[in-house]
Chemist: 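Take a look at this one; I'll ask things after.
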Amino acid sequence: MSFSNDDTINEQVEKSLRDKIRKAAEKTFSDQYVETLKDRIVKRTKLGQGVDPRTGNTTRLKPLSTEYKGTRRNNRSRLSGTTQPARSNLTATGQLLDSLRVIKKSIVNGIKYTITIDNKRGRNLDGSNSTVGNRDIARFQRKQGRNFFGFTKPQINQIVREVRQTILKFLK
Amino acid sequence: MAQQKFTVKVSNKYDEQTRLAIGLEIIEHIIQRTQDGRDKNNKSLPGYSESYANSLDFKLAGKSKGDVNLTASGEMLNALTILNNKKGEITIGIPKDDDVNNAKAEGNIKGTYGGKPKRGKKRDFMGISRSDLKEITSEFAINNRENRDNTANRVLETLLATEAAQDIANNFLGDGFFDDEL
């Protein structure tokens, strides 16, 4: 990146600043922060918003079919408290969104975080044993136009803003 | 759906990088001000309706009645970005292809919320008052040598911090962050 007023700031000052910024930036991704990021995906989804896998734009999750709404009404007592029969928010029993996990690994250059879906699943909405796992459900929902597993562009904007603010505070 | 945006006039003497840094400050200001419950003219945002306050969305978003902040999922406010940056002006708003957040923003700005305008329910966050803009640009003064040097430092810090934040975000959130075996 070049700056048109470079003549007022010499190269050594800029290099020193870049080094300080890099050190500050590396400290911003912590276990707690990544858990927060995972929770944001859950919250966004429960509010009925997903992510367009092609553009990264916020989407409204595709509405439920009439038939499925009926199934949910008939099994209202087993519906999660964070949904309603007609609400499309990938929450029936709540198991799918509860299955998101943060995994932390040491790698050559430092640490790597991954958000994954724990495939283990309990009973279905109608009380029957599930024959599919949470990953299967996520894949199915993605094909149905209800993709939730990712960050939207606004969420990435927020992450960049937060990291930038942390860096700028560190520099003060 | 109309794109929601606004343009501010700034000094013609600012270069592109300085306008970018100012634009980022304006966005930060708007988000903070809105989450503090004030509209673009620093007036208090109208309270939530009873029906919304009693809704499941309200509860899921972890909101409280007295705290009007236009933040449920955070998508709308965080969709704000610098759309254009040219000599003497900066345009800020929501990208044209972001239908969902443009719709939400329009609902708030016009008080329509998907229906007819509701009297007294406009929550226009899309902009900045003259005095707030002046306060921001006063931190980027360029009227003498010392101020120009300070501004250059500040711009450099802001843009390098943004670049580092984007790099870190790409590193951590790139390949493998979301288990792609799905």
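Lettering follows sequence order; numbering is per chain, from 1. Computed from heavy atoms alone, side chains included, the values below leave out hydrogens, waters and symmetry copies.
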Chemist: Based on non-hydrogen pairs under 4.5 Å, which of Thr158(B), Ile31(B), Asp167(B), Ile94(B) is most in contact with chain A?
Modeler: Ile31(B)
Chemist: Given heavy-atom pairs under 4.5 angstrom as the criterion, report whether the side chain, backbone, both or neither of Gln165(A) touches chain B.
Modeler: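 Only the side chain of Gln165(A) comes within 4.5 Å of chain B.
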Chemist: So which residue, Val160(A), Ile159(A), Val163(A), ends up with the most heavy-atom pairs under 4.5 Å with chain B?
Modeler: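 Highest number of pairs under 4.5 Å: Val160(A).
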Chemist: Please examine the side chains of Arg164(A) and Leu24(B), heavy atoms only from C-beta on, and report whether any two atoms are closer than 4.5 Å.
Modeler: yes
Chemist: What's the shortest heavy-atom distance between Lys46(A) and Leu60(B), and which atoms?
Modeler: O-CD1, 3.4 Å
Chemist: If you count every heavy atom of other residues, nucleotides or ligands that lies below 6.0 Å from Lys20(A) atom NZ, does the total exceed 12?
Modeler: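 12 or below, so no.
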Chemist: Just give me the residue among Thr152(A), Leu171(A), Leu37(A) that pairs up with chain B most often, heavy atom to heavy atom, under 4.5 Å.
Modeler: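 Answer, by heavy-atom pair count under 4.5 Å with chain B: Thr152(A).
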Chemist: Checking heavy atoms, do the side chain of Arg40(A), its backbone, both or neither come under 4.5 Å from chain B?
Modeler: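 No part of Arg40(A) comes within 4.5 Å of chain B.
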Chemist: Report which part of Ile111(A) has an atom under 4.5 Å of a heavy atom belonging to chain B: side chain, backbone, both, or neither.
Modeler: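 For Ile111(A), the contact with chain B is made by the backbone alone.
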Chemist: Need one label for Val102(A): side chain, backbone, both or neither, based on atoms under 4.5 Å from any heavy atom in chain B.
Modeler: neither
Chemist: Heavy atoms only: give me the nearest Ala164(B)-Ile21(A) pair and the separation to one decimal.
Modeler: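 The answer is CB-CG2, 3.3 Å.
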Chemist: With only heavy atoms counted, which part of Thr166(A) is less than 4.5 Å from chain B, the side chain, the backbone, both or neither?
Modeler: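 It is neither, since no heavy atom gets under 4.5 Å.
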Chemist: Count the heavy-atom pairs under 4.5 Å between each of Arg161(A), Lys43(A), Lys153(A), Glu162(A) and chain B, then report the option with the highest count.
Modeler: Arg161(A)
Chemist: Counting only heavy atoms not in Lys121(B), do more than 12 fall under 6.0 Å of its NZ?
Modeler: yes
Chemist: Treat each ILVMFWY residue as a node, draw an edge where side-chain heavy atoms are under 4.5 Å apart, and state whether Ile26(B) and Leu159(B) are in one component.
Modeler: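 Per the 4.5 Å side-chain linkage, Ile26(B) and Leu159(B) are co-clustered.
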Chemist: For a quick test of reading the model, state the closest non-hydrogen atom pair linking Asp98(B) to Pro154(A) and the distance between them.
Modeler: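 Here Asp98(B) and Pro154(A) meet closest at OD2-CG, 4.3 Å.
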Chemist: Do any N or O atoms from the side chain of Asn57(A) and from the backbone of Asp99(B) form a donor-acceptor pair under 3.5 angstrom?
Modeler: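 Such a contact is absent between Asn57(A) side chain and Asp99(B) backbone.
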Chemist: I need the contact set between residues 131-142 of chain B and chain A: heavy-atom distance under 4.5 Å, sorted by residue number.
Modeler: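 Near chain A, by residue number: none.
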Chemist: How long is the span from the OG1 atom in Thr58(A) to the CG atom in Asn101(B), to the nearest 0.5 Å?
Modeler: 4.0 Å
Chemist: With a 4.5 angstrom heavy-atom cut-off, is it the side chain or the backbone of Leu80(B) that approaches chain A, or both, or neither?
Modeler: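 Interface part for Leu80(B): backbone (N, CA, C, O).
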Chemist: What's the separation between atom CD1 in Ile167(A) and atom CD in Glu157(B), rounded to the nearest 0.5 Å?
Modeler: 11.0 Å
Chemist: Could you check whether any side-chain heavy atom of Leu168(A) comes within less than 4.5 Å of a side-chain heavy atom of Glu28(B), counting everything from C-beta outward?
Modeler: no
Chemist: Looking at chain B, which one of Arg22(A), Gln155(A), Gln49(A) has the largest number of heavy-atom pairs inside 4.5 Å, strictly under?
Modeler: Gln49(A)
Chemist: With a 4.5 angstrom heavy-atom cut-off, which part of Arg60(A) approaches chain B: side chain, backbone, both or neither?
Modeler: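 Arg60(A) touches chain B through backbone and side-chain heavy atoms alike.
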Chemist: Could you grab the distance from atom CG of Asn89(A) to atom CG of Asp57(B), nearest 0.5 Å is fine?
Modeler: 8.5 Å
Chemist: Restricting to ring pair (Phe, Tyr, Trp, His ring centres under 6.0 Å), what partner residues turn up for Phe151(A), sequence neighbours left out?
Modeler: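 In terms of ring pair (Phe, Tyr, Trp, His ring centres under 6.0 Å), with neighbours along the sequence ignored, Phe151(A) is linked to Phe177(B), Phe178(B).
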